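From a predicted model like this one, the values you see are computed outputs, not experimental measurements.
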Amino acid sequence: SSDVCSSDLQQLEEKMAALEGGEPCRCFASGMAATSAVLLSLLGSGDRLVMSDANYPGTAELARNDLSRLGIDVVTVNFSDLNAVERAMSVNTRLVWGESPANPTMRITDIAAIADIAHAHDARFAIDSTFATPIATQPLALGADYVIHSLTKYCCGHGDAMGGAVLASAEHMHPIESAGQIHLGGVI
């Protein structure tokens, strides 16, 4: 019944929020659905996305191919070089996107330092924390505005169920709930 599914989903979102130390959590059909919801809900033509040059290939291709086609300025940079990240920022930078540890290189991002750079330029910072899981890293506590997980991988643990999650403050989650879930439809 739909009540059982709704209850299961609510429990999943509550548990992810508790593990990450944030509220709320919204779940999606896959990690890429969660990623797409964040990127397409927050960015528009003329905006700049500063993105780590080490990302899950699906995320990198979405940014390079689709976001660029939509008029979004996508700039990739090595997030290990904080000066390079600072130089990539512009007045049009709306979002900074990282992944730590990055897939497939396992490069680590200094989440707090990148969050500081983003916030100094009035941009938001999103981090894909799939590999780390909430057990190893809690990016919201380090200054990230959004945390994204592909639940298909380590949070599920078996690779037998697909899912994705986005965590943020209630204020930051509003566009993800409206545009990301309702308009893009990648709900779990």
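Considering only residues two or more places apart in sequence or on other chains, Ala33 meets the side chain to side chain contact (heavy atoms under 4.5 Å, CB included) condition with Phe28, Ser30. For Ala113, the side chain to side chain contact (heavy atoms under 4.5 Å, CB included) partners are Leu82, Asp110, not counting sequence neighbours. Residues passing the ring pair (Phe, Tyr, Trp, His ring centres under 6.0 Å) test with Phe125, sequence neighbours excluded: none. Residues that satisfy the ring pair (Phe, Tyr, Trp, His ring centres under 6.0 Å) test with His121, not counting sequence neighbours, are absent from this structure. The side chain to side chain contact (heavy atoms under 4.5 Å, CB included) search around Ala18 returns none, not counting sequence neighbours. Not a single side chain to side chain donor-acceptor pair (under 3.5 Å) links Ser169 to another residue, sequence neighbours left out. With sequence neighbours left out, the side chain to side chain contact (heavy atoms under 4.5 Å, CB included) criterion links Leu184 to Leu40. Legend: residues meeting salt bridge (Lys or Arg N to Asp or Glu O under 4.0 Å) with Asp81, ordered by chain and number and at least two apart, are absent.
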**Request:** Would you check, one step at a time, whether the test side chain to side chain donor-acceptor pair (under 3.5 Å) holds for Asn92 with Ser90?
**Result:** CA-CA 5 Å; Asn92 296 337; Ser90 76; 4.8 Å; no
**Val75 vs Met89, side chain to side chain contact (heavy atoms under 4.5 Å, CB included): CA-CA, chis, key distance, verdict** = CA-CA 9 Å; Val75 177; Met89 302 299 288; over 6 Å; no
**Prompt:** Should Cys27 and Leu9 be marked as a side chain to side chain contact (heavy atoms under 4.5 Å, CB included) after you check the CA-CA gap, both sets of side-chain angles, and the distance that decides it?
**Reply:** CA-CA 8 Å; Cys27 288; Leu9 176 59; 3.7 Å; yes
**Message:** If you apply the rule side chain to side chain contact (heavy atoms under 4.5 Å, CB included), what do you find for Met32 with Thr59, and how did you get there?
**Reply:** CA-CA 7 Å; Met32 279 307 299; Thr59 302; 3.7 Å; yes
**Request:** Before giving the answer on side chain to side chain contact (heavy atoms under 4.5 Å, CB included), spell out for Thr130 and Asn103 the whole-Å C-alpha distance, their side-chain angles and the decisive distance to 0.1 Å.
**Result:** CA-CA 9 Å; Thr130 296; Asn103 178 359; over 6 Å; no
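Counting heavy atoms from C-beta outward, Phe79 and Val96 have side chains that approach closer than 4.5 Å. Within the 4.5 Å cutoff, the side chain of Trp97 has heavy atoms near those of the Leu49 side chain. Residues Thr137 and Ile111 have side chains in contact (heavy-atom distance under 4.5 Å, counting atoms from C-beta outward). Using a 4.5 Å cut-off on side-chain heavy atoms (C-beta onward), Tyr146 and Val166 make contact.
Of all the heavy atoms in Ile176 and His172, the pair that sits closest is CG1-O, 4.0 Å. Taking every heavy atom of both residues into account, Ala123 and Leu95 meet most closely at CB-N, 4.2 Å. When all heavy atoms of Val38 and Ala126 are compared, the closest pair comes out as CG1-CB, 4.4 Å. The minimum heavy-atom distance between Pro139 and Ile127, with the atom names listed, is CB-CG2, 3.3 Å. For the residue pair Leu42 and Pro175, the shortest heavy atom distance occurs at CD2-CG, 3.8 Å. For the residue pair Leu62 and Ser36, the shortest heavy atom distance occurs at CD2-OG, 3.7 Å.
Judged purely by atom type and a 3.5 angstrom limit, Ser178 uses its side chain to pair as donor or acceptor with the backbone of His174. Without hydrogens or angle criteria, Ser100 side chain to Ala102 main chain gives no donor-acceptor distance under 3.5 Å.
Following chains of ILVMFWY side-chain contacts shorter than 4.5 Å, one cannot reach Ile108 starting from Phe131, and the two form parts of different hydrophobic clusters.
Counting only residues at least two apart or in different chains, salt bridge (charged side-chain N to carboxylate O under 4.0 Å, His left out) contacts with residues 10-27 comprise Glu13-Arg26, Arg26-Glu177. Under the salt bridge (charged side-chain N to carboxylate O under 4.0 Å, His left out) criterion, the residue pairs touching residues 49-62 are Asp53-Arg107, with sequence neighbours excluded. For residues 114-135, no pair satisfies salt bridge (charged side-chain N to carboxylate O under 4.0 Å, His left out), with sequence neighbours left out. Every pair passing salt bridge (charged side-chain N to carboxylate O under 4.0 Å, His left out) that includes a residue from residues 91-100 is listed here, sequence neighbours excluded: Asp47-Arg94.
One distance of note links OG1 of Thr35 with CG of Asn55; it measures 9.0 Å at 0.5 Å rounding. To the nearest 0.5 Å, the span separating CE on Met162 from OG on Ser150 amounts to 7.0 Å. Atom OG1 of Thr109 sits about 11.5 Å away from atom CG of Leu142, to the nearest 0.5 Å. Residue Asp73 holds its CG atom at 4.5 Å from CZ of Arg48, rounded to the nearest 0.5 Å. The CG atom of Leu151 lies 5.0 Å from the CE atom of Met16; values are rounded to the nearest 0.5 Å. The CE atom of Met173 sits 11.5 Å away from the CG atom of Asp145 when rounded to the nearest 0.5 Å.
The 12-atom threshold is exceeded at NE2 of His119, counting heavy atoms of other residues, nucleotides or ligands nearer than 6.0 Å.
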